Amino acid sequence: SALEQDDTERIQQAIDQLSAQPPDSDGIRGAVLLKAGPYQVKGRLRISKSGVILRGEGQFEGGTVIHATGATRRSLITLHGVDPDQEAYNQSAGGRFRYRPKSDSQWEIVDEYIPSGPTVVQVAPVSGLKVGDIVILEQRMNQAWVNQLGMDSFPPRPDERPTKPWDPSDFVFQFERRITHIEGGRIHLDAALVNPIFARFGKNYLFKPALPQRIEHSGIEHLRFISEYQPSESGNHEDHAWDAVELGLAQDCWVRGVSSFHFVQSTVKVLPEAIRITVEDCAYLAPVARDGYGRKHGFISAGQQILVQRAFAEECNFPFFVPGRTCGPNVFLDCYAAGEKSIVGPWRYWAMGTLWDNVHANALMIRNRGYEGEGWGWSGINHLFWNSTAFDWISVQSPINGWNWAIGSQGRRIGGSFQGLTGHMSHHGKPRSPRSLYIEQLQNRKGKETAKGVISRNQESGTVYFHIRDTLGEN
């Protein structure tokens, strides 16, 4: 049959040939165009060079269709730089991505307290830092922080299963920033703090990183992906492709105009090492997997400064997903989730700094998860639902040392299952102006003309949900 052939090598050769070409003045090598029609990929396609675009001729029927064949659990396409030194360092850090210090030099942040939101920190001494430097703001949390949050112990579970108190060594947060201005010992950064700084709750400092070898200016466009699977009696067969597109060591890259069918986990998965990624006009449809963590998430944003907009997901658990310890800031704008199980919000283990702006789902939730899992605890801080809609319920709690918000949003208000302050909820059921907080802030920062290159016409008119539901949701 047609699905028994394998186009993996042929497509990968085209990608590799393009990758060997010199980039133009904008850093673009060119595009591999897959003409409309079916293709079968039994393996994995890799883009590991900057300026390489894989492009089809449409995400809808009659466009370019890539069938992920075979029984291997995998991401079908990866955009990921090659950096053996970084990989080795990750292994030494327990398998998680960690920024590598360029030297032993550190600049201690001397502020006793900085709330979420500012872009300025005070260091001493300042020598060795200059405008334009990329720095990592690292926060190493301590046991006092764990204790204040109440994560040092959990109430007994009804099923008597054991829980695991938080270990502060698991909470090392690293925020990548660029220095924009230096005034005495005051360091101005290019993006806001999304986790408050308390001197008594750990070590806070800047260091210069040996930046990972990320690719940039590469993208995936206008493709339709189908994960082929063997039906099982349970209907939850999972020995097939899990993610359509995965971005790892990548920056200033994009995925646009992509639809996926039957994938276990996501249409697009952005890993913690990625930064400044845009995902737009994409859909996650008809997943084939059991319910549970790590499945049916639709769009996963674990990096920093990630924008997902005009996305549709169905039959998901947490459709616009932010994993634990995600550093942010990240944005989901004008996204729609269909299905009674769709819950939007941070999942567990203190994710930070997400804006869900005009997102529709069955439920909206920012909570202390308590003993759920093996002790997931506080799902996060400094998250905001803006003009978002829960078809059923909305629940927002805040930890003792910061805030979570729901403004201009709607849904049946309920409390949390575990201890926590009531989150800041204002103008409930009464959408606020501006319609989109992200678009308003983008226009203020970059100007209206620049913003027009990011948003669509139906986002400006406020009819974007009809577009998402009637096109992406029905393709």
Side-chain angles (χ1 to χ4, degrees), residues 2-20 29 31-34 37-56 59 64-84 86-87 90-91 95 97 212-216 218-230 237-250 253-256 258-274 277 279 282 284 287-289 294-295 297-300 302-303:
L3 292 183
E4 292 177 351
Q5 70 184 57
D6 186 6
D7 297 308
T8 306
E9 184 176 353
R10 184 164 63 99
I11 297 173
Q12 188 63 56
Q13 285 180 348
I15 292 171
D16 293 343
Q17 288 174 5
L18 179 60
S19 299
R29 288 182 163 88
V32 172
L33 177 63
L34 299 181
Y39 300 82
Q40 285 71 50
V41 175
K42 191 173 183 179
R44 173 182 290 159
L45 301 174
R46 296 176 172 87
I47 295 177
S48 58
K49 294 290 185 180
S50 297
V52 175
I53 302 165
L54 182 63
R55 180 179 293 152
Q59 70 192 107
T64 301
V65 184
I66 296 182
H67 296 266
T69 60
T72 304
R73 300 184 178 195
R74 68 199 189 277
S75 296
L76 181 62
I77 301 178
T78 62
L79 285 78
H80 205 303
V82 178
D83 191 335
Q86 182 66 55
E87 293 297 326
N90 291 350
Q91 290 303 313
F97 172 74
Q213 299 300 306
R214 296 183 176 114
I215 63 172
E216 57 185 353
S218 293
I220 307 295
E221 302 178 349
H222 312 310
L223 291 163
R224 185 179 182 93
F225 299 107
I226 299 177
S227 182
E228 302 294 342
Y229 65 96
Q230 294 296 321
H237 188 84
E238 295 183 344
D239 289 333
H240 58 106
W242 278 48
D243 307 286
V245 181
E246 175 186 294
L247 298 101
L249 290 178
C253 293
W254 65 90
V255 181
R256 66 169 62 103
V258 161
S259 296
S260 82
F261 295 79
H262 311 323
F263 284 78
V264 172
Q265 184 170 235
S266 74
T267 295
V268 182
K269 178 169 68 174
V270 182
L271 299 180
E273 54 263 42
I277 304 298
V279 178
C282 294
Y284 178 74
V288 176
R295 294 157 173 84
H297 291 323
F299 298 89
I300 301 173

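A quick note: this is a predicted structure, and the numbers were derived from the prediction, not measured.
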Measure the shortest side-chain to side-chain distance between Ile15 and Arg46 over non-hydrogen atoms and say whether it is less than 4.5 angstrom. no
Can you find a pair of side-chain heavy atoms, one from Val41 and one from Ile11, that are under 4.5 Å apart? yes
Got Val268 and Ile300 here, is their nearest side-chain heavy-atom distance under 4.5 Å? no
Nearest-0.5 Å distance, CZ of residue Phe225 to CD1 of residue Ile66: 4.5 Å
Quick one: does any side-chain atom of Arg55 pair with a main-chain N or O of Glu221 as donor and acceptor, under 3.5 Å? no
Please check: side-chain N/O of Ser260 versus main-chain N/O of Tyr284, any donor-acceptor pairing under 3.5 Å? no
Centroid-centroid under 6.0 Å between Tyr229 and His262 rings: yes
Salt-bridged, Arg214 to Glu273, with N to O below 4.0 Å? no
Between the side chains of Ser227 and His240, does any donor sit under 3.5 Å from an acceptor? yes
Would you name the heavy atoms of Ile277 and Ala250 that are closest together and state the gap between them? CD1-O, 3.9 Å
Scan Arg74, Gln265, Arg73 and name whichever one has a side-chain hydrogen bond (donor to acceptor under 3.5 Å, both in side chains) with Asp243. Gln265
Considering all heavy atoms, the nearest Glu228-Thr69 contact: CG-CG2, 4.2 Å
Heavy atoms, side chains only, cut-off 4.5 Å: are Gln12 and Asp16 in contact? yes
Less than 4.5 Å apart, side chain to side chain, heavy atoms only: is that true for Leu76 and Val245? no
Short question: side chain of Arg224, backbone of Gln59 - any donor-acceptor pair under 3.5 Å? yes
Contact summary for Gly51 and Ser218, nearest pair of heavy atoms: N-OG, 3.1 Å
Check the pair Val279, Trp254 against side-chain contact (heavy atoms from CB on, under 4.5 Å), reporting the backbone distance first and the verdict last. CA-CA 6 Å; Val279 178; Trp254 65 90; over 6 Å; no
Do Ile215 and Ile47 have side chains that get closer than 4.5 Å, going by heavy atoms? yes
